[in-house]
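Owing to the predicted nature of the structure, the values given are computational and were not obtained by experimental measurement.
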Amino acid sequence: MSQHTLRAPRALIAEDEPILAAALAHALQRLWPELDIVATCPNGVEALQQGLALQPDILFLDIKMPGKTGLEAAEELAEQWPDGVPFPHIVFVTAYDEYALAAFEHAAADYVLKPVNDARLGKTVERLQQRLRDSAGGNGTSGTATTTPATAATLAPVAATETAAASDDNLARLLSQLQAMLPPAPRLQMIRAAVGNSVRMIALADVVYFEALDKYINVVCQDSEALIRTSLKELLPQLDPQQFWQIHRGTIVNASAIATAVRDDAGKLSLTLRQHPAQLRVSPLYAHLFRQM
C-alpha cells in the first residue's frame, strides 16, 4: 500500500450507557465498515482527554454524561484543539423529542436518537461521508477522496485553516441553539456578594467581567472585585445575552466594557477593556463575535 493512500476516517464514541455504546458501535460497523472506532469513552471527562489525544475525524457525544456533558466536552475540545488541525465533525447522541431536535436540523452537527435506529443513523452516515469529502481538500481524512499527493501538499494548510474556522462557527451556532432550548431563567438585576459580615450589592452595569475561579466566580468591576459562590454555567442564563457575552469557557464580559479585539502574530484573539487594565483571551469558539461588520 502506498504511503499516500488516504486513511480510513476515525471516530470516537462517548456514551455512559455501555449497552447503548455497543449498539451504536455495532450499527456503525454495519453501515460504515471503513470507519475506524478508535475509542469508546464512558463519560465527558474521558471524551475530552481521548479526543485531544487521538484527534479523530468524528465525535459521537452523548448529550447527558457524568463528569461533563457532551455539550461541555465539545466546547472544551474546541477551546483546546491544536491550531491547524481540522476540528472533528460532531454527532450528538440524544433522547430529546422531535420538537427539540429542530435545533439540530439547521446546524452543522448531526444527531442520533436513542435507542439507535439504522434508518436515521444511515442518513447521518451519508451526511458525514459527504462532509468528509467536502473537507478532504488535501488533508487525507476521507477514504473516498482522490486528491493527488502534490495537490494535497499545496491545499492542506489552507483547507485545515478554513475547516477549523468553519467548525468553530458551526459549533458555536449549535451550542447557542441548544442553550435556547432550555427553559428561560429569571434575569438578574443585582449581584449579591458576601464581604465579611455584610452583603455587597453590585449593579450589573458596574460589572466589567465575570471570571470562573474553581467553585467561585470573581466579579470584576472597574475598581474592585468580589467573589460569589456559583458557576458560570448557572450564571450565564440569568444574564442578558445582548449585554454579557461569553468569550471563553471561564469568562463572561460586559460588551459595553470592550474597547478592542486584537489578534497576535499567532492568530490568538484577546480583548482590551475601556476602563480596566486586564486583557481577556477569546476562545476560538467565540471569535465570530468580533468579526468586522
What is the distance from atom CD1 of I191 to atom CG of L235, rounded to the nearest 0.5 Å?
5.5 Å

Can you tell me if Y216 and E211 form a side-chain donor-acceptor pair at under 3.5 Å?
no

Validation row: Q129, P9 side chains within 4.5 angstrom (heavy atoms)
no

Verify, without hydrogens or angle tests, whether R10 (side chain) and Q55 (backbone) share a donor-acceptor contact under 3.5 angstrom.
yes

Considering non-hydrogen atoms only, spot the tightest contact between N43 and P66 and give its length.
CB-O, 3.3 Å

Among L269, L273, V220, find the residue that satisfies the side chain to side chain contact (heavy atoms under 4.5 Å, CB included) test when tested with L280.
L273

Quick one, F244 and L236 - any side-chain contact, counting heavy atoms below 4.5 Å?
no

In this structure, CG of L24 is separated from CD of E17 (nearest 0.5 Å) by 12.0 Å

Give the minimum heavy-atom separation between V208 and C221, together with the two atoms involved.
CG2-C, 3.7 Å

What heavy-atom pair brings A226 and R200 nearest, and what distance separates the two atoms?
CB-NH1, 4.0 Å

Would one find more than 12 heavy atoms of other residues, nucleotides or ligands at under 6.0 Å from atom CD1 of I19?
no

Taking atom types as modelled and ignoring hydrogens, do the side chains of R274 and S256 form a donor-acceptor contact shorter than 3.5 angstrom?
no

Considering all heavy atoms, the nearest D57-A8 contact
OD2-O, 4.3 Å

Report yes if some heavy atom in the side chain of I228 is under 4.5 Å from a heavy atom in the side chain of R192; otherwise report no.
no

When you measure from the side chain of S283 to the backbone of L285, do you find a donor-acceptor pair of N or O atoms at a distance under 3.5 Å?
yes

Verify the cluster assignment for L20 and I63: are they in a single hydrophobic cluster under the rule of side-chain heavy atoms below 4.5 Å apart?
no

Might you work through the side chain to side chain contact (heavy atoms under 4.5 Å, CB included) test for I247 and L271, ending with a clear yes or no?
CA-CA 9 Å; I247 59 167; L271 304 181; 3.8 Å; yes

Return yes if some donor-acceptor pair links the side-chain N/O of N254 with the main-chain N/O of V207 below 3.5 Å, else return no.
yes

The reported gap from CZ in F210 to CD in Q246 (rounded to nearest 0.5 angstrom) is 12.0 Å

Any chain of hydrophobic side-chain contacts (each under 4.5 Å) joining L61 to L52?
yes

Would a single hydrophobic cluster contain both V85 and I90, if residues Ile, Leu, Val, Met, Phe, Trp and Tyr are joined by side-chain heavy-atom contacts under 4.5 Å?
yes

Quick check: does any side chain N or O of D62 sit under 3.5 Å from a backbone N or O of M65, one acting as donor and the other as acceptor?
no

Apply side chain to side chain contact (heavy atoms under 4.5 Å, CB included) to Q222 and H276, showing your working.
CA-CA 6 Å; Q222 181 179 341; H276 197 280; 5.6 Å; no

Can you name the nearest heavy-atom pair linking K68 to A73, along with the distance?
CB-N, 4.5 Å

Under the side chain to side chain contact (heavy atoms under 4.5 Å, CB included) rule, what do F87 and L77 come out as? Steps first, then yes or no, please.
CA-CA 9 Å; F87 192 73; L77 278 167; 3.9 Å; yes

Flag yes if L204 and M201 sit in one hydrophobic cluster, no otherwise; membership is Ile, Leu, Val, Met, Phe, Trp, Tyr, and two members link when side-chain heavy atoms are under 4.5 Å apart.
no

Is a side-chain N or O of S198 found less than 3.5 angstrom from the main chain of V195, in a donor-acceptor match?
yes

Rounded to the nearest 0.5 Å, the CD1 atom of I13 sits from the CD1 atom of I37 at a distance of 4.0 Å

Minimum-distance pair of heavy atoms, taken over all atoms of W81 and P86
NE1-O, 3.3 Å

Taking Q238 for the side chain and E234 for the main chain, is one N or O donor matched with an acceptor at less than 3.5 Å?
yes

At what distance, to the nearest 0.5 angstrom, does OG1 of T69 lie from CG of D16?
11.5 Å

Can you tell if the side chain of V219 reaches within under 4.5 Å of the side chain of E225, non-hydrogen atoms only?
no

Donor on one side chain, acceptor on other, R127 and Q130, under 3.5 Å
no

Quick one: pull up NZ in K64 and CG in L71 and give me the separation to the nearest 0.5 Å.
10.5 Å

Flag side-chain contact, heavy atom, 4.5 Å: Y209 against I258:
no

Does the separation of the ring centres of F60 and F92 fall below 6.0 angstrom?
no

Side chain proximity check, K114 to V93, heavy atoms < 4.5 angstrom
yes

K268 vs R281, test: side chain to side chain contact (heavy atoms under 4.5 Å, CB included). Steps then yes/no.
CA-CA 8 Å; K268 303 290 187 181; R281 186 168 74 86; 5.5 Å; no

Applying a strict under-4.5 Å side-chain criterion to I, L, V, M, F, W and Y, I'd like to know whether L31 and V112 cluster together.
yes

I'd like to check P88 versus I58 (side-chain heavy atoms, cut-off strictly below 4.5 Å). Are they in contact?
no

Please evaluate residues Y286 and E75 with respect to the criterion side chain to side chain donor-acceptor pair (under 3.5 Å), reporting the C-alpha separation (whole Å), side-chain torsions for both, the decisive distance (0.1 Å), and the verdict.
CA-CA 10 Å; Y286 303 102; E75 184 175 1; 2.2 Å; yes

Salt bridge check, E72 against R249: does any charged N sit closer than 4.0 Å to a carboxylate O?
no

So L232 and I217, do their side chains get closer than 4.5 Å, heavy atoms only?
yes

